[in-house]
Q: 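Dumping the structure here so I can ask a few things about it.
Predicted model, so just to flag it, every value in this text is computed and none were measured.
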Amino acid sequence: MENGLKQSILAPPVGGAVGGAKTLLFSPISELTTQTNCRLDIIGPIYVPSINLISGFVSCKTNMFRPELTYDQKISRVSAAKTIIKNVENYTTGVSYGDSQRFSFEDNGTISLYHKSEKEKIPSTVLVWSCMSTINSTISRVDGRLDSAKYRKLLEEHVLPLAPQTTSHMIKYVHDWFPVHYSTAMKKYYSEHKNALILLDWPRCFGDVMPVESLWKQMLNELTENNIKVFSEEQLWEEIYKVWHKVCSAVFVLRRLNQISVSLEQVVNNQGAYVD
């Protein structure tokens, strides 16, 4: 697709697709299977599976990379959590969450999450962006880096179409502090679409509460647990495509949105420390 965006997956509740993308139906509750967590150890900024050297099995639980929090950042997190708790329904109803993540693979085919500095072209990686919402959830492959033009196109194709499906004909949207999200071009775009798009405040250093990050974790759990190996970027995208469809069900999305209030309380109780 133009502007570096490739094939998208659209997963609405049964009854239709948005924007003409390929339709994937949410799995019904009866088909939901128990997910097993798989731990990742961090070597620098890259995630690799942690293997039990005795049993040879992948150990359980996924740890996302988190920079160490300063005292002031912890205080700020507590304050932000308390503020959101007062109106948490605003963050769980009629809202969409968006986030990007780059997946990578090693020479032996092992898939991991990539968190080094972004370049225009990074070999053996695939950058994806996903939108999570109880209305519709989508995933798209992004070529190269995510810039303002590509991000604008993602919002136009996958977030703005959700607005007419709300009672207010406006969609609330949450994203993190990735620089592209607040570029001059994007600020202009938000202003031009203020009648359909409502940006909700999201605190800095809140990745542990962000629902889409839990999606990346669960996807990697699935790939690791099933010992999926890939040896090309196209194979990697195919596996991401399949595992997203498996994980990002209506039940998963609703569960993660309901978890937000719990995570916020944990941030307060943990005096600002990470909760994942």
Side-chain angles (χ1 to χ4, degrees), residues 5 8-32 80-100 129-140 150-178 181-182 186-203 206-207 209-215 218 244-245 247-265 267:
L5 300 182
S8 303
I9 307 172
L10 180 63
V14 175
V18 174
K22 182 171 182 178
T23 301
L24 297 178
L25 300 182
F26 281 132
S27 301
I29 296 177
S30 61
E31 294 180 9
L32 184 68
K82 289 180 177 179
T83 298
I84 296 177
I85 287 172
K86 294 177 181 178
N87 192 24
V88 70
E89 294 83 4
N90 205 32
Y91 288 81
T92 58
T93 305
V95 62
S96 176
Y97 287 80
D99 190 41
S100 59
W129 175 89
S130 186
C131 166
M132 280 179 58
S133 170
T134 55
I135 304 172
N136 284 311
S137 293
T138 65
I139 188 168
S140 293
K150 295 172 187 175
Y151 192 49
R152 182 171 61 249
K153 186 172 179 62
L154 287 167
L155 298 187
E156 289 175 348
E157 292 187 349
H158 305 294
V159 178
L160 287 181
L162 304 181
Q165 302 182 56
T166 67
T167 56
S168 65
H169 293 277
M170 301 179 74
I171 184 67
K172 293 176 290 185
Y173 182 63
V174 178
H175 54 195
D176 61 19
W177 285 84
F178 187 65
H181 298 167
Y182 294 93
M186 290 311 303
K187 288 179 180 178
K188 180 181 178 183
Y189 179 83
Y190 304 144
S191 178
E192 292 171 347
H193 293 82
K194 60 184 179 181
N195 292 329
L197 185 66
I198 303 173
L199 291 181
L200 297 184
D201 291 332
W202 190 252
F206 247 56
V209 184
M210 169 64 76
V212 191
E213 289 211 7
S214 65
L215 171 62
Q218 190 60 43
W244 183 91
H245 183 204
V247 171
C248 197
S249 66
V251 174
F252 177 87
V253 172
L254 185 60
R255 182 181 297 160
R256 296 318 305 167
L257 293 183
N258 289 337
Q259 180 66 28
I260 291 175
S261 59
V262 176
S263 298
L264 293 170
E265 294 285 357
V267 170

Q: Which of these passes side chain to side chain donor-acceptor pair (under 3.5 Å) with Ser140: Glu157, Lys150, Lys153, His158?
A: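 Only one option passes, and that is His158.
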Q: Can you see which heavy atom on Gly207 is nearest to which on Glu213, and at what distance?
A: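 Taking every non-hydrogen atom into account, O-OE1, 3.3 Å.
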Q: Quick check: do Asp201 and Tyr91 have side-chain heavy atoms less than 4.5 Å from each other?
A: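 Asp201 reaches Tyr91 side chain to side chain.
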Q: What I'd like to find out is whether the side chain of Tyr97 reaches to under 4.5 Å of the side chain of Ile260, using heavy atoms alone.
A: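 Yes; the side chains approach each other to less than 4.5 Å.
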Q: What distance do Trp202 atom CH2 and Asp176 atom CG have between them, rounded to the nearest 0.5 Å?
A: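 Here the rounded value is 9.5 Å.
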Q: Enter the distance from Trp244:CH2 to Leu215:CG here, rounded to the nearest 0.5 Å.
A: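 Rounded to the nearest 0.5 Å, the CH2-CG separation comes out at 8.0 Å.
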Q: Where do Leu264 and Ala81 come nearest, in terms of heavy atoms and distance?
A: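 Heavy-atom minimum between the residues: O-CB, 3.7 Å.
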Q: Within this structure, what is the OG-CD1 distance for the pair Ser96 and Ile198, rounded to the nearest 0.5 Å?
A: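 Ser96 atom OG to Ile198 atom CD1 measures 12.5 Å (nearest 0.5 Å).
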Q: If we only count heavy atoms from C-beta on, is the Val262 to Glu265 side-chain gap below 4.5 Å?
A: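 Counting from C-beta outward, Val262 and Glu265 never come under 4.5 Å.
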Q: I'd like to check Met210 versus Val174 (side-chain heavy atoms, cut-off strictly below 4.5 Å). Are they in contact?
A: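 Yes - at least one pair of side-chain heavy atoms lies under 4.5 Å apart.
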Q: Taking the side chain as every heavy atom from C-beta outward, state whether Leu154 and Val159 have any pair of such atoms under 4.5 Å apart.
A: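 A side-chain contact under 4.5 Å is absent here.
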Q: Between atom NZ of Lys172 and atom CG of Leu200, what is the distance when rounded to the nearest 0.5 Å?
A: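 If I round to the nearest 0.5 Å, the distance is 6.0 Å.
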Q: Can you check side chain to side chain contact (heavy atoms under 4.5 Å, CB included) on Tyr173 and Leu162, steps first, answer last?
A: CA-CA 10 Å; Tyr173 182 63; Leu162 304 181; over 6 Å; no
Q: Tell me, please, which residues at least two apart from Ser214 pass side-chain hydrogen bond (donor to acceptor under 3.5 Å, both in side chains).
A: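 Checked Ser214 against side-chain hydrogen bond (donor to acceptor under 3.5 Å, both in side chains); matches are Arg256.
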Q: What is the distance from atom OG of Ser133 to atom CG of Leu254, rounded to the nearest 0.5 Å?
A: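 The OG atom of Ser133 sits 11.0 Å away from the CG atom of Leu254.
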Q: Are Leu155 and His193 packed together at the side-chain level, in the sense that at least one heavy-atom pair is separated by less than 4.5 angstrom?
A: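 Heavy-atom side-chain distance check fails, nothing below 4.5 Å.
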Q: Any idea which heavy atoms bring Ile171 and Ala163 closest together, and the distance?
A: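 Taking Ile171 first and Ala163 second, the nearest heavy atoms are N-CB, 3.9 Å.
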Q: Drop me the distance from Tyr189's OH to Glu156's CD, to the nearest 0.5 angstrom.
A: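 So the OH of Tyr189 and the CD of Glu156 are separated by 4.0 Å.
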Q: Is the ring pair Trp177/Tyr182 parallel, tilted or perpendicular, if the boundaries are 30 and 60 degrees?
A: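 Trp177 and Tyr182: parallel rings.
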Q: Please name the pair of heavy atoms, one in Asn195 and one in Met170, separated by the smallest distance, quoted to 0.1 Å.
A: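 In this case the closest contact between Asn195 and Met170 is O-CG, 3.3 Å.
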Q: I'd like to check Pro203 versus Ile84 (side-chain heavy atoms, cut-off strictly below 4.5 Å). Are they in contact?
A: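 In contact.
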Q: Is any side-chain heavy atom of Glu192 closer than 4.5 Å to a side-chain heavy atom of Lys188?
A: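 With C-beta onward as the side chain, the pair touches.
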Q: Of all the heavy-atom pairs spanning Asn90 and Val95, show the shortest one and how long it is.
A: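 Closest pair (atom of Asn90, atom of Val95, distance): O-CB, 4.1 Å.
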Q: Would you name the heavy atoms of Ser130 and Thr138 that are closest together and state the gap between them?
A: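 Looks like OG-O, 2.7 Å.
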Q: Tell me whether the rings of His181 and Tyr151 are parallel (<30°), tilted (30 to 60°) or perpendicular (>60°).
A: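 His181 and Tyr151: parallel rings.
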